[in-house]
Every structure is written in C-alpha cells, then in structure tokens.
Amino acid sequence: MEQSLPVPEARTDIKEYTYGDKIVKISQTVTRIEVDILDLKVDDTGSKVWQIADPLCQYISQHSELFAGKNVVELGSGPGLCGIVAGGYCRRVLLTDGDERVLAILRTNVALNALENASVSRLCWNDDASIAAALASFGDRPDVVLAADVIYHDTHVELVLQTARKLLRDSGGVLIMGHHARWKAISQHLHSRALQLGFEPVHVDFHIPQNVLSANFGFKTILMWRIPASDLSLAPVKDTETFDPDEFEKLFP
C-alpha cells in the first residue's frame, strides 16, 4: 500500500533581492514543512528560491560582461530569480520550466519586474520536441544557458547536460551552473559526462559566502562549461587557459 505524504501548508510571499544596483522582486511559495525533494510523489521544488541561486545571482551581477548583448536561457527556472537577474544585463532571456504551475509563477515574476526582454516557455529536459518548441518561441539559440541547483538526483545529470548541449550552438556557448554538491558520486558523474558531451570546464574564481557554504549538507559552487571555439569573453581561467580535471576531484576529499 502506498504511503501517503503530508500535504505541506503553504503561503505565497513576495521577497526583494538586491544585486549591485538591481532590485528584483520574486513571488514564491513558502512551505511550512520540509518536503523530501527526492520523492517524486511530491513536486514542490519549483515554487521557491533555493540557496545556491543567491551566489549564482551574485556571480551574474559581478560578471555582467558575460551577459552583455547575449541571449540567455535558464533551465528549471522555478520562480526565476537567476534568469531575471541575468535579464538585467543580457539582450534577451528565456525562463523555462516543465511544470505549468511554475510557469504561472514565472509569468507573475516577469511582470513584477517589468522585464520587457524576458519570455517564458515550457521546456521538458532532453525532450527534443519540447526543446524545439522552446527555441522556436525564443527565435534563436542561446549564447548562455543558466541553471541553479537543478541536479539533486543522478538521473538529472544526463537530462540537464543533454538539454544544454541541444540548446547551445555546436561551436560556442557557455553553460553556467550553481551546483549544490550533495553527493560526491553525482558531482563526479556531472564532471565526466560534461567532458564526454564536448564541454570544457572553465575555472571560476568566485568566493561563495561562508553562510551559504555551511548551510545544510554538501558544498555549493559555481561551475562554468564552454563548448570549444566560443567567442564569449569568459571569467578568469588558469594561466595555461586549461582546466585540470584533477582539480575538480580535489573538491571531493
């Protein structure tokens, strides 16, 4: 017999976030009990801002040159904080999610921030028809794909990376992820699979505040991957312009 899960009591709040000179308003659902995000019978993940979104937004704000004049797509946008912050710097941004309820939240938040260069579209990960429809609605392939805390199960690695690869051009383009490394094996899978799909890791020199690093379990980091021959001006890389994969392993003692 299937065990029934408690239905969380929820309320909708509007919270303001400040990054540089930009103030972003986000409507999100706040639950009063913790929901196990690994249990597929409960889908509460897209209705609120998760912790890694804040340092990713700080990174976007502090490296706005990466987004100037670029087209951006955010995967698993949830309430859309990162995509909306990026929208303040980029040419156009497409906020995506696979949940119709979350899409309604996204449209609300785009309107709250009067973001005229933003659009919203349903996108199911690694679904070719869904990806094609999202690209058609956007009108072009993105230069940058954003994702914040979208990998919390091993199966998400393939789904997210394949989606990003299919969205970006064959030559050029960048995937920037705010990653909460909850489990070593999943993070190692993320690294190895990205290499197999033709992504090159880029060293990101960015300090995540200690209060974010120590929260919950695991550590949080900003990862950047580029497809070779990208013409984007990237954040600082190693002096050799290469990234030593062994350094990624050192993140997981």
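Note that these values count all heavy atoms, side chains included, but never hydrogens, waters or copies made by symmetry.
- Heavy atoms only, all atoms of each residue included: Leu168 and Gly173 are closest at CD2-CA, 4.0 Å.
- Taking each heavy atom of Cys57 and Val85 in turn, the nearest pair found is SG-CG2, 3.7 Å.
- Looking only at atom types and distance, the side chain of Asp54 has a donor-acceptor partner in the side chain of Tyr19 under 3.5 Å away.
- With rounding to the nearest 0.5 angstrom, the CG atom of Leu106 is 9.5 Å from the CG atom of Leu94.
- In this structure, Lys22 satisfies the cation-pi test against Tyr89, with its NZ or CZ atom closer than 6.0 Å to the six-membered ring centre and inside 45 degrees of the ring normal.
- Pairing each heavy atom of Leu115 with each of Gly88, the nearest pair is CD1-N, 4.5 Å.
- Interatomic distance, Ile26 CD1 to Gln28 CD, rounded to the nearest 0.5 Å: 7.5 Å.
- Of the charged side-chain nitrogens involved, at least one lies within less than 4.0 Å of a carboxylate oxygen, so that Asp149 and Arg182 count as a salt-bridged pair.
- In this structure, the side chains of Ile151 and Met177 come closer than 4.5 Å at one or more pairs of heavy atoms.
- Remark: Leu56 CG to Ile176 CD1 distance equals 7.5 Å, nearest 0.5 Å.
- Here NE2 of His179 is found 9.0 Å from CD1 of Ile52. Values are rounded to the nearest 0.5 Å.
- Using modelled atom types and a 3.5 Å distance limit, the side chains of Asp154 and His189 yield a donor-acceptor pair.
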Between Val150 and Trp50, does the side chain to side chain contact (heavy atoms under 4.5 Å, CB included) criterion hold? Intermediate values first, please. CA-CA 10 Å; Val150 295; Trp50 292 85; over 6 Å; no

Could you go through Leu167 and Leu75, starting from their C-alpha distance and side-chain angles, then the distance that decides it, and tell me whether this counts as side chain to side chain contact (heavy atoms under 4.5 Å, CB included)? CA-CA 10 Å; Leu167 285 167; Leu75 300 180; 3.6 Å; yes

Full working for salt bridge (Lys or Arg N to Asp or Glu O under 4.0 Å) between Arg101 and Asp99: CA-CA 5 Å; Arg101 295 169 299 174; Asp99 189 328; 2.9 Å; yes

How far apart are the C-alpha atoms of Ile131 and Thr163, what are their side-chain angles, what is the distance that settles it, and do they pass the side chain to side chain contact (heavy atoms under 4.5 Å, CB included) test? CA-CA 7 Å; Ile131 292 170; Thr163 303; 4.1 Å; yes

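- Residue Pro201 comes nearest to Leu195 through the heavy atom pair CD-CD2, 3.5 Å, listed as atom of the first residue, atom of the second, then distance.
- Under 3.5 Å, the side chains of Ser61 and Gln58 contain no donor-acceptor pair of N or O atoms.
- Of the possible donor and acceptor atoms, none in the side chain of Asp97 sits under 3.5 Å from a partner among the backbone N and O of Val102.
- A donor and an acceptor atom, one from each side chain of Asn117 and Arg92, are nowhere located under 3.5 Å apart.
- For the pair Ser130 (side chain) and Asn126 (backbone), a donor-acceptor distance under 3.5 Å is absent.
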As a quick check of understanding, evaluate side chain to side chain contact (heavy atoms under 4.5 Å, CB included) for Ile60 and Leu146, giving each step before the final call. CA-CA 10 Å; Ile60 293 167; Leu146 282 179; 3.8 Å; yes

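- Between Ala53 and Leu81, the shortest heavy-atom distance links the atoms CB-CD2, 4.3 Å.
- The distance from atom OG of Ser121 to atom CZ of Phe138, rounded to the nearest 0.5 Å, is 10.0 Å.
- Every pair passing salt bridge (Lys or Arg N to Asp or Glu O under 4.0 Å) that includes a residue from residues 102-128 is listed here, sequence neighbours excluded: Glu100-Arg122, Asp128-Lys166.
- Salt-bridge annotation for Arg169 and Asp140: present, with a side-chain N of the basic residue lying under 4.0 Å from a carboxylate O of the acidic one.
- Just one residue in the list Leu66, Val72, Asn71, Val144 forms a side-chain contact (heavy atoms from CB on, under 4.5 Å) with Cys90, and that residue is Val72.
- Residue Leu161 comes nearest to Ala194 through the heavy atom pair CD1-N, 3.5 Å, listed as atom of the first residue, atom of the second, then distance.
- Rounded to the nearest 0.5 Å, atoms CG (Leu103) and OG1 (Thr96) are 8.5 Å apart.
- Contact check for Tyr17 versus Ile23: no side-chain heavy atoms found under the 4.5 Å cut-off.
- If you chain together hydrophobic residues whose side chains sit under 4.5 Å apart, Leu95 and Leu112 never meet in one group.
- Side chains of Gln162 and Arg165: no donor on one and acceptor on the other come within 3.5 Å.
- A 4.5 Å side-chain heavy-atom check between Ile84 and Ser77 finds every atom pair outside the cut-off.
- Ring-plane geometry between Trp225 and His191 is classed as tilted, the angle between the planes lying from 30 to 60 degrees on a 0 to 90 degree scale.
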